[in-house]
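Structure first, then comments.
Convention: sequence-line order gives letters A, B, ...; per-chain numbering from 1. In what follows, every heavy atom counts, from backbone to side chain, and hydrogens, waters and symmetry copies are set aside. Note that the coordinates shown come from a computational prediction; the quantities given were computed from them, not determined experimentally.
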Amino acid sequence: MGFEVLLKGSNMIRLLGGLLVALRISLVSVCISIILGTVLGVAMTFKSPVVRGVLRVYLEIVRIMPQMVLLFLVYFGATKAMGINLSAEAASVIVFTFWGTAEMSDLVRGALKGIPKIQYESSVALGLSNVQTYAYVIVPQIIRRMIPLSINLITRMIKTTSLVMMIGIVEVLKVGQQIIEANRKSSPNAAFGVFLTIFGLYFIACWPISRLSKHLEKKWSA
Amino acid sequence: MGEILNIKGISKRFDDLTVFKNISMKVAAGEVVVIVGPSGCGKSTFLRCLNALEAIDDGEISLDGETIGSDSKNLNKIREKIGMVFQSYDLFPHKTVLQNLTLAPVKVKKADRKEAEKEALALLDRVGLLSKKDNYPRQLSGGQKQRVAIIRALMMHPEILLLDEITAALDPEMVREVLDVVLSLAKEGRTMIIVTHEMQFARAVADRMVFMDGGKIIEEGSPEDFFEKPKTDRLKKFLHSFTYEK
């Protein structure tokens, strides 16, 4: 079946190392995205048509552009055109953050809009100041709405990291390909076993996260 | 009884639409004023202007001689003195019943948490909800939520309580439990301004009835005169819409 190649040498360790690269890129990107996305999401609720227009365009660009094109654009295009020396992993983090920030900002905007006006009004009617209203009433509710959604974004990012091998990053899928290539003579069927193992690894990485999101969603649903 | 709330010729417009115009009213300490009127007559907006949730365009509102306006610096201080309960959904969904009650006293009045909790538990006991203290709002019925909302307003020791159609979103069988609480507050001498569609309740609780229509006060008076001997045709017609005869 091809599983035996994974037991050769340090193949399994290498595969796990590849998974670690994928997880590192997605987690770093998600962390930055959450911070930037929250700022932009709040900005999206501003009344200024300029701010909203710019953010709208940004969001549409991210939605329309395939992530792979963005990766190529940043790694091959921007680095050459601007003469910046960028590692492939840094380029990936930039692209994933660019994407994640847009997604997060839309989630934050939605969560903010979803808080009924009466929550603000009953807070100020109790004598809470604006800052207190946000700190004790609005933001905690937004966080409860946001966490399950941003966890979903993490799993989507982990899956999408399979694209970064296109700019030369040796992540789990690339390691798998290398193992298959190196053992083409001795184990011609290695592809099935290796890819099935990778499938399993993605599942092990994403499933608990997805369960956690489901659990929190249930726990906090009002 | 001295007057505590003095409303002098206030008006409110939304763009071109005049919601109400030149309304004046004085409310004495311990008085219960009930405002009724057809939907859209401006009574809810009027109530919301009293604690500056909506800004007034003309006139002046003062509580204990202090002017209320959205630009007054001590607006939050004044709002502490004016409790308000809304139609629905105003409990904080991420906090337990007890936390809902103690948030404002602890954060705004800097009250001791232990003291605030003690008071909250006593109030919960009074409205029959002591066993729900650790529940979240979503676990309560509509009537229970509104009872909590009322005592949450009481936790700030307001001088005046504004109730904006607090039973309008409730199932009929839950209206009673909420109105009983309001009735008991009236009996202990709370100053309240109540907007409602429950006519029998209005009659039982009011010291003074006010009928608003088209953004004006059409008629006001004691509950007896108001319901038995209405002077204006508009009030007669309005009251008639609540009676059914074969």
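- Proximity to chain A is limited to the side chain of B:Leu53, based on heavy atoms less than 4.5 angstrom apart.
- The choice from B:Gln139, B:Arg48, B:Gln87 that makes the most heavy-atom pairs within less than 4.5 Å of chain A is B:Arg48.
- Within a 6.0 Å sphere centred on NZ of A:Lys214, heavy atoms belonging to other residues, nucleotides or ligands number 12 at most.
- No more than 12 heavy-atom neighbours from other residues, nucleotides or ligands sit within 6.0 angstrom of CZ on B:Arg176.
- A:Ser122 has its side chain within reach of B:Arg152: a pair of non-hydrogen atoms, C-beta onward, lies under 4.5 Å apart.
- With hydrogens and angles ignored, the 3.5 Å screen pairs a side-chain donor or acceptor of B:His94 with a backbone N or O of A:Tyr136.
- Other residues, nucleotides and ligands contribute only 12 or fewer heavy atoms inside 6.0 Å of the CD1 atom of A:Ile13.
- Proximity to chain A is limited to the side chain of B:Asn51, based on heavy atoms less than 4.5 angstrom apart.
- Only the side chain of B:Lys95 comes within less than 4.5 Å of a heavy atom in chain A; its backbone stays farther off.
- Remark: A:Met166 CE is loosely packed, at most 12 non-hydrogen atoms of other residues, nucleotides or ligands lying under 6.0 Å away.
- In this structure the side chain of B:Phe92 reaches within 4.5 angstrom of the side chain of A:Leu126, judged on heavy atoms.
- Atom CZ of B:Phe14 has more than 12 heavy atoms from other residues, nucleotides or ligands within 6.0 Å.
- The two residues B:Met84 and A:Ala125 come nearest to each other via the heavy atoms CB-CB, 4.1 Å.
- Between the side chain of A:Gln119 and the backbone N or O of B:Leu91, at least one donor-acceptor pair lies under 3.5 Å.
- Looking only at distances, a side-chain donor or acceptor of A:Gln132 sits under 3.5 Å from a matching main-chain atom of B:Lys107.
- In B:Arg126, the CZ atom is crowded: over 12 heavy atoms of neighbouring residues, nucleotides or ligands sit closer than 6.0 Å.
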